[in-house]
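See structure below.
Indexing begins at 1, ligand by ligand and atom by atom, following the structure's order.
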Amino acid sequence: MKLDETRITRAIVESAVKDFLDNLEVDVAIVGGGPSGLVAAKYLAEEKLKVALFERKLSVGGGMWGGGMMYPKIVVQKEALPIMDDFKIKYEGKDYFVANSIESVAKLAAGAIDAGAEIFNGITVEDVMMREKAVCGLVLNWSSVNVAGLHVDPLAMAAKYVIDATGHPVEVCSIVQRKVGNLATPSGKIEGEKSMWADKSERMVVENTKEVYPGLYVTGMAANAVYGAPRMGPIFGGMLLSGKRVAELILENNCRK
Ligand code: 48F
């Protein structure tokens with residue numbers, strides 16, 4: 001076959017624009033492609049909800065790639081093993097089960113994609129859309145526009161539910177707190193992440209996975225940051241369980257409507 005560069009260009013642009021247009025109105029928009037966001041994406045898409053995930057970087061995986069201090073290993077406790085099995089991630093050991101961080105990211109991403117979630121990389125969520133005191137969509141720009149410091153207006157997309165899965169910086173909840181006000185926390189504000197305490201943090205991250213403002217849910221490390229719980233370091237069971245929990249909450253809520 002004789003190759004034509006303009007046909008390569010046309011194939012890429014047409015396909016990418018089609019995917020973007022197909023996802024302008026979705027059931028669930030997930031901000032952040034770390035472990036909690038990817039797990040949520042799979043379990044929601046599997047139930048036939050339309051799911052779009054937006055990741056600022058080129059690669060999904062967030063803080064999982066680096067394992068513990070760049071040893072490419074993560075620890076998972078037994079409560080999360082059914083999720084590891086759902087994604088076919090291998091592990092070994094006893095009590096403190098160990099998995100390869102690179103395999104873990106690759107399989108979480110593959111699981112989300114195979115379930116039908118659409119992943120958009122290189123896009124930063126810089127604001128939300130609001131109607132009648134509820135979050136109803138996202139405001140997007142290319143991450144490269146932000147890195148270059150260019151003044152370019154963003155575009156927007158609509159979602160019935162938005163999930164903040166942005167990890168430690170808890171970016172979407174911060175925007176909503178700054179622009180709109182009260183979150184569903186004791187102080188009405190982001191309580192702030194506390195220093196490392198793995199046992200407490202891993203238990204609390206599932207409890208803290210909630211609807212924090214109408215239409216806006218929080219999962220993963222962002223959930224602990226919002227509700228003032230500690231960090232946990234490179235144990236990832238809580239991230240997986242929190243991602244599954246947020247999917248369950250949205251599915252329950254969606255059935256009631
Ligand atoms: O940080 P991250 O992995 O979040 P997580 O799923 O998992 C936390 C763990 O990795 C680890 C931990 C547990 O042991 O403490 O830190 O809670 O992934 C968050 C992703 O969100 C992206 C960011 O690039 C990362 O890949 N992200 C953050 N802000 C935005 C964003 C934004 N405004 N728009 C798009 N993506």
Side-chain angles (χ1 to χ4, degrees), residues 29-42 52-77 80 83 96 99 101-102 104-105 108-109 112 119-128 137-147 154-157 159 162-176 178 193-206 208-209 216-227 229-247:
I30 302 175
V31 187
S36 63
L38 291 171
V39 169
K42 172 187 165 75
L53 184 154
F54 297 93
E55 167 55 49
R56 162 181 288 151
K57 297 187 179 162
L58 288 180
S59 57
V60 290
M64 199 178 224
W65 288 111
M69 220 181 81
M70 275 170 61
Y71 292 112
K73 299 284 178 177
I74 58 164
V75 164
V76 174
Q77 60 277 51
I83 303 177
Y96 294 76
S101 62
I102 299 161
S104 300
V105 172
L108 289 180
I119 296 180
F120 296 90
N121 66 348
I123 291 182
T124 292
V125 172
E126 60 171 58
D127 202 349
V128 295
L138 298 175
V139 176
L140 312 170
N141 218 327
W142 299 118
S143 303
S144 48
V145 163
N146 290 334
V147 170
L155 294 174
M157 54 84 60
V162 167
I163 302 178
D164 185 341
T166 60
H168 297 270
V170 61
E171 295 200 15
V172 185
C173 296
S174 301
I175 292 164
V176 172
R178 194 168 66 243
E193 173 189 310
K194 304 291 186 294
S195 290
M196 193 184 285
W197 184 350
D199 185 53
K200 185 172 178 189
S201 176
E202 285 287 286
R203 275 185 286 112
M204 292 191 75
V205 71
V206 181
N208 290 336
T209 302
L216 174 63
Y217 290 73
V218 65
T219 184
M221 198 55 225
N224 272 3
V226 166
Y227 287 98
R231 67 186 304 183
M232 71 286 287
I235 177 157
F236 279 80
M239 294 301 114
L240 306 182
L241 291 162
S242 171
K244 187 166 188 192
R245 178 75 188 134
V246 79

Which residue supplies the protein heavy atom nearest to [atom], what is that atom called, and how far is it?
atom: atom 2 (P) of ligand 1; value: G63 N, 3.8 Å
atom: atom 17 (O) of ligand 1; value: M221 N, 2.8 Å
atom: atom 14 (O) of ligand 1; value: G233 O, 2.5 Å
atom: atom 19 (C) of ligand 1; value: A165 O, 3.4 Å
atom: atom 9 (C) of ligand 1; value: F236 CE2, 3.6 Å
atom: atom 1 (O) of ligand 1; value: G167 CA, 3.8 Å
atom: atom 22 (C) of ligand 1; value: E55 OE1, 3.3 Å
atom: atom 15 (O) of ligand 1; value: H168 NE2, 3.3 Å

[atom2] on [Y] to [atom1] on [X], rounded to 0.5 Å:
X: R203; Y: N208; atom1: CZ; atom2: CG; value: 11.5 Å
X: E126; Y: L155; atom1: CD; atom2: CG; value: 9.5 Å
X: L53; Y: I30; atom1: CG; atom2: CD1; value: 5.0 Å

Self-check item: side-chain hydrogen bond (donor to acceptor under 3.5 Å, both in side chains) pairs, two or more places apart, involving residues 55-70
Solution: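 Every side-chain hydrogen bond (donor to acceptor under 3.5 Å, both in side chains) pair that includes a residue of residues 55-70, provided the two are not neighbours, is R56-T124, R56-E171.
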
Would you please determine whether [X] falls within less than 4.0 Å of ligand 1 on a heavy-atom basis?
X: I235; answer: yes
X: E126; answer: no
X: L38; answer: no

Quiz item: Counting both backbone and side chain atoms, is some N or O of K57 under 3.5 Å from an N or O of ligand 1?
Solution: no

Quiz item: So, is V125 polar-close to ligand 1, with some N/O to N/O distance under 3.5 Å?
Solution: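 Indeed, backbone or side chain, V125 has an N or O that close.
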
Quiz prompt | Side chains of K200 and M232 in contact at under 4.5 Å (non-hydrogen atoms) | solution =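 No - every pair of side-chain heavy atoms lies 4.5 Å or more apart.
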
Which of the atoms in ligand 1, numbered in the order shown and given with their element, are less than 4.0 Å from a heavy-atom of [X]?
X: F54; result: 35 (C), 36 (N)
X: G220; result: 17 (O)
X: S36; result: 5 (P), 6 (O), 17 (O)

Exercise. Check the pair I235, I74 against side chain to side chain contact (heavy atoms under 4.5 Å, CB included), reporting the backbone distance first and the verdict last.
Key: CA-CA 6 Å; I235 177 157; I74 58 164; over 6 Å; no

Quiz item: Are S242 and T219 linked by a side-chain donor-acceptor pair shorter than 3.5 Å?
Solution: yes

Self-check item: Among I119, N121, I123, the one residue meeting side-chain contact (heavy atoms from CB on, under 4.5 Å) with F54
Solution: I123

Practice problem: Tell me which one of M232, M64, R231 gets a heavy atom nearest to atom 13 (C) of ligand 1. | Solution: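 Answer by nearest heavy atom: M232.
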
Quiz item: Of the choices R56, M196, E202, E171, which has the non-hydrogen atom that lies closest to atom 35 (C) of ligand 1?
Solution: R56

Exercise. Start with the C-alpha gap between R231 and K194, add the side-chain angles, then the distance that decides, and say whether side chain to side chain contact (heavy atoms under 4.5 Å, CB included) holds.
Key: CA-CA 6 Å; R231 67 186 304 183; K194 304 291 186 294; over 6 Å; no

Exercise. Please report the shortest heavy-atom distance between V125 and L140, naming the atom on each side.
Key: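 Scanning both residues, the minimum pair turns out to be CG2-CD2, 3.8 Å.
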
Practice problem: Write down the atom of M204, the atom of P230, and the distance for their closest heavy-atom approach. | Solution: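 Closest approach of M204 to P230: SD-CD, 4.5 Å.
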
Quiz item: Counting only heavy atoms, which portion of V31 has something under 4.0 Å from ligand 1: side chain, backbone, both, or neither?
Solution: side chain

